[in-house]
Amino acid sequence: MVTDLIARLKAEWFERLEQILARDNTIPSSNLKCLELCEARCCPREGMRRMTSEKIASAIVVLLPFEMEYLIEKTGASPNVFRRWPIDLTPDVTIEIGVLDLGKPCPFLKDNLTCGIHEHNPLDCRTFPLLPTQNFHGELEWSLGENCPSLHLLSPQFSEHMKRVWRGLYPILPQAWWDLYAFADHWTGWPVPAETVDHVV
Ligand code: SF4
Ligand code: SF4
């Protein structure tokens, strides 16, 4: 039955996420100076709408399959705080991928602009300012979040660790997820801000 298959896939992804987070306890520091140099330019929030593009490092977080459910279970977050995007995980299974953008600001960002769930934060956040991409040959490649003010400090050891994590995930992430991730790169958030609606109609 499809529900049994979804339950099995969810359990497998929860296990994977546990392993990634457990391994993170032993990895080298990223060396980023987020508190000293930044104001959470990579954490989607409503105030970003008023920022100029060069002030924003990343306006969106795309979660892995079942990472939304994992965060809900681990943090007690309301399911309503996530935007959801359906993808085909297998030919028989469609799931919803959680997304946070300027229209659904990150519920975990604290008033002091630190992350309230650092020990469980999404792999997309954890990897930034490294950005995994898929090239035209369907291979994993990397780009950098150029607007991150700590980019020049990024530890090579940390980068290599994160690349290893993504290389492990790559064979099991469906093409539909990569399509969503690439598409999301161009989002500036929903809903369309009121000040731009006039230009749309
Ligand atoms: S990773 Fe970069 S953009 Fe994000 S909070 Fe740290 S310094 Fe700022
Ligand atoms: S989960 Fe944490 S690191 Fe990720 S966007 Fe939210 S506050 Fe920022």
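As the structure is a computational prediction, the values presented were derived from the model and not from experiment. Residues: numbered from 1 along the sequence shown. Counting convention: from 1, in listed order, for ligands and their atoms alike.
With hydrogens and angles left out, the side-chain atoms of Thr90 and Asp92 include no donor and acceptor closer than 3.5 Å. At a cut-off of 3.5 Å, with distance as the only test, no side-chain donor of Tyr170 or Glu139 sits close to an acceptor on the other residue.
Atoms of ligand 1 found under 4.0 Å from any heavy atom of Cys148, numbered from 1 in the order shown, are 1 (S), 2 (Fe), 3 (S), 7 (S). Residue-ligand proximity, Cys38 to ligand 1, at heavy-atom distances under 4.0 Å covers atoms 3 (S), 5 (S), 7 (S), 8 (Fe). Every atom of ligand 1 with a heavy atom of Cys34 under 4.0 Å away is listed here by number and element: 1 (S), 5 (S), 6 (Fe), 7 (S). Near Cys43, with a cut-off below 4.0 Å to any heavy atom, the atoms of ligand 2 are 3 (S), 5 (S), 7 (S), 8 (Fe). Proximity to Leu32 (heavy-atom distance under 4.0 Å) selects the following atoms of ligand 1: 1 (S). With ligand atoms numbered from 1 in the order given, ligand 1 contributes 7 (S) to contacts under 4.0 Å with heavy atoms of Ser150. Atom numbering of ligand 2 starts at 1 in the shown order; those under 4.0 Å from a heavy atom of Leu109 are 7 (S). Residue-ligand proximity, Ala57 to ligand 1, at heavy-atom distances under 4.0 Å covers atoms 3 (S). For ligand 2, the atoms lying closer than 4.0 Å to a non-hydrogen atom of Pro44 are 5 (S).
Remark: the backbone N or O of Pro174 is not paired with any side-chain donor or acceptor of Asp88 at under 3.5 angstrom. No donor-acceptor pair under 3.5 Å is formed between the side chain of Ser30 and the backbone N or O of Phe158.
In this structure, CG in Leu131 is found 11.5 Å from CE in Met162, a value given to the nearest 0.5 Å. Atom CG of Leu32 sits about 5.5 Å away from atom CG of Leu154, to the nearest 0.5 Å.
The aromatic rings of Trp142 and Trp166 sit perpendicular, their planes meeting at an angle over 60°, well past the 30° parallel limit. Ring geometry for Tyr181 versus Trp178: interplanar angle over 60°, hence perpendicular rather than tilted (30 to 60°).
Shortest contact from atom 1 (S) of ligand 2 to any protein heavy atom: Pro122 CD, 3.5 Å. Summary of contacts: the protein heavy atom closest to atom 6 (Fe) of ligand 2 is Cys106 SG, 2.2 Å. Nearest protein neighbour of atom 4 (Fe) of ligand 2, counting heavy atoms only, is Cys125 SG, 2.3 Å. At the shortest separation from atom 2 (Fe) of ligand 2 among protein heavy atoms lies Cys115 SG, 2.4 Å.
Counting heavy atoms of neighbouring residues, nucleotides and ligands inside a 6.0 Å radius, atom CD of Glu39 does not exceed 12 of them.
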